Amino acid sequence: MRLTAAAATAVVVAIAGCCGSMLLVSAAQADAAGGGIEDGWEYVTSGSTLKLSHTKSNTRLTMPQVGYGTGSQQQAVTTQSDASQTKALWAIELAPDSEAASEPEAARGSRIPCGSRIRLVNSDTSHSLHSHGNHKSPMSGNQEVSGYEGRDAGDFWTVECAAKGAAKFWLREAPVYFKHVDTGKYLQSLPNKKYRQPISGHQEVSAGKKADANAQWMALEGFYFR
């Protein structure tokens, strides 16, 4: 086990009789200035459960368990500033038809290549991060993003690494875009679109046309396998 002074809240534990090791990254470590990333733990891996930070606003993707009053009326997806919320934890599942999932090394703890298709499942609710072209988001009028209790093709997102030409795999604390497979729109949050009660201060999450600053995300706190 290796702990740095700046990363004293990170704990590495062996998974008994199984598939390797797990790293727990807390909010304190993720926010520590200059803390760095532990050697060998640079990658986001299959089976990890993590929090996604919206880089422009430093808020976390979450499911507040409030339904939309319009559109699909499925569960709302937002971002919010409290990094300790368990509702902001998302488990990564590789799409069954993705190239990465068909590889022999696609077991838990394998690195996720840029361009992989994934499903993000909220740990609190087991709802998938979902979108669909036939519903508009309630504040901005962009494409709605919701939490969906079932499973279908609208759950899948392509991981696009923002540092083109450099990274071959999804890296922790490196910006990525999530492109909706069915509609080609990008997961985004607009800092000037905030809800009032009952989820005061939460930012709307929607899907938009551009891979821009509003659509950049980073993997921060969570449980990482290798």
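Treat the numbers as computed from the prediction; the structure is a model and nothing was measured.
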>> Is it the case that the side chain of W157 and the backbone of L187 share a donor-acceptor pair, with hydrogens and angles ignored and the cut-off at 3.5 Å?
In response: no
> What distance separates H135 NE2 from Q73 CD, expressed to the nearest 0.5 Å?
Replying inline: 9.0 Å
> Quick one: are R172 and W41 in side-chain contact, heavy atoms under 4.5 Å?
Replying inline: yes
>> Could you measure the distance from the CG atom of L220 to the CG atom of L52? Nearest 0.5 Å is fine.
In response: 8.0 Å
>> More than 12 heavy atoms of other residues, nucleotides or ligands under 6.0 Å from CD of E149: yes or no?
In response: no
>> Looking at Q85 and A83, would you say the former's side chain and the latter's main chain have a donor-acceptor pair under 3.5 Å?
In response: no
>> I'd like to know if the side chain of H54 reaches the main chain of N214, judged simply by a donor and an acceptor atom lying under 3.5 Å from each other, with no hydrogens or angles considered.
In response: yes
> Can you tell me how far SG of C161 sits from CZ of F169, rounded to the nearest 0.5 angstrom?
Replying inline: 10.0 Å
> In the hydrophobic clustering (ILVMFWY, side-chain contacts below 4.5 Å, transitive), which residues join V66, or is it alone?
Replying inline: Y68, M139, Y195, I199
>> Please report the interatomic distance CG(L50) to CZ(R60), rounded to the nearest 0.5 Å.
In response: 11.0 Å
> Just by modelled atom types, is the N142 backbone N or O under 3.5 Å from a matching donor or acceptor in the S137 side chain?
Replying inline: yes
> Under 3.5 Å, is there a donor-acceptor pair between the Q143 and T183 side chains?
Replying inline: yes
>> Taking the side chain as everything from C-beta on, heavy atoms only, tell me whether S206 gets closer than 4.5 Å to Q188.
In response: yes
>> Under the rule for salt bridge (Lys or Arg N to Asp or Glu O under 4.0 Å), what residues qualify as partners of E93, not counting sequence neighbours?
In response: R119
>> Checking F178 against I118 for the side-chain contact (heavy atoms from CB on, under 4.5 Å) test, could you report, in this order, the C-alpha distance in whole Å, the side-chain angles of both residues, the deciding distance, and whether it holds?
In response: CA-CA 9 Å; F178 297 108; I118 65 168; 4.0 Å; yes
>> Tell me if a side-chain donor or acceptor on K185 pairs with a main-chain N or O of G133 at a distance below 3.5 Å.
In response: no
> Sub-3.5 Å donor-acceptor pair from the side chain of R117 to the main-chain atoms of V181, do we have one?
Replying inline: no
> In Å, rounded to the nearest 0.5 Å, how long is the span from OH of Y186 to OG1 of T158?
Replying inline: 8.5 Å
>> Quick one, Q74 with H127, criterion side-chain contact (heavy atoms from CB on, under 4.5 Å). Give me CA distance, side-chain angles, the key distance, then yes/no.
In response: CA-CA 10 Å; Q74 294 172 5; H127 286 51; over 6 Å; no
>> Evaluate Q80 against T59 for side-chain contact (heavy atoms from CB on, under 4.5 Å), listing each step before the verdict.
In response: CA-CA 5 Å; Q80 51 84 41; T59 55; 5.7 Å; no
> Does a side-chain heavy-atom distance below 4.5 Å link V44 with L171?
Replying inline: no
> Do V121 and S128 come close enough that some side-chain heavy atom pair is under 4.5 Å?
Replying inline: yes
> Hey, does the side chain of S53 reach the backbone of M218 with a donor-acceptor pair shorter than 3.5 angstrom?
Replying inline: no
>> Using only atom types and a distance under 3.5 Å, with no angle test, would you say the side chain of W90 pairs donor to acceptor with the backbone of L129?
In response: no
> Can you list the steps and then say if T79 with W217 is a side-chain contact (heavy atoms from CB on, under 4.5 Å)?
Replying inline: CA-CA 11 Å; T79 69; W217 304 85; 3.7 Å; yes
> Applying the side-chain hydrogen bond (donor to acceptor under 3.5 Å, both in side chains) test to S189, which of Q216, Q203, K56 qualifies?
Replying inline: Q203
> For the side chain of K87 and the backbone of Q65, is there at least one donor-acceptor N/O pair under 3.5 Å apart?
Replying inline: no
>> Could you check whether any side-chain N or O of E144 sits under 3.5 Å from a backbone N or O of S72, counting only pairs where one atom can act as donor and the other as acceptor?
In response: yes
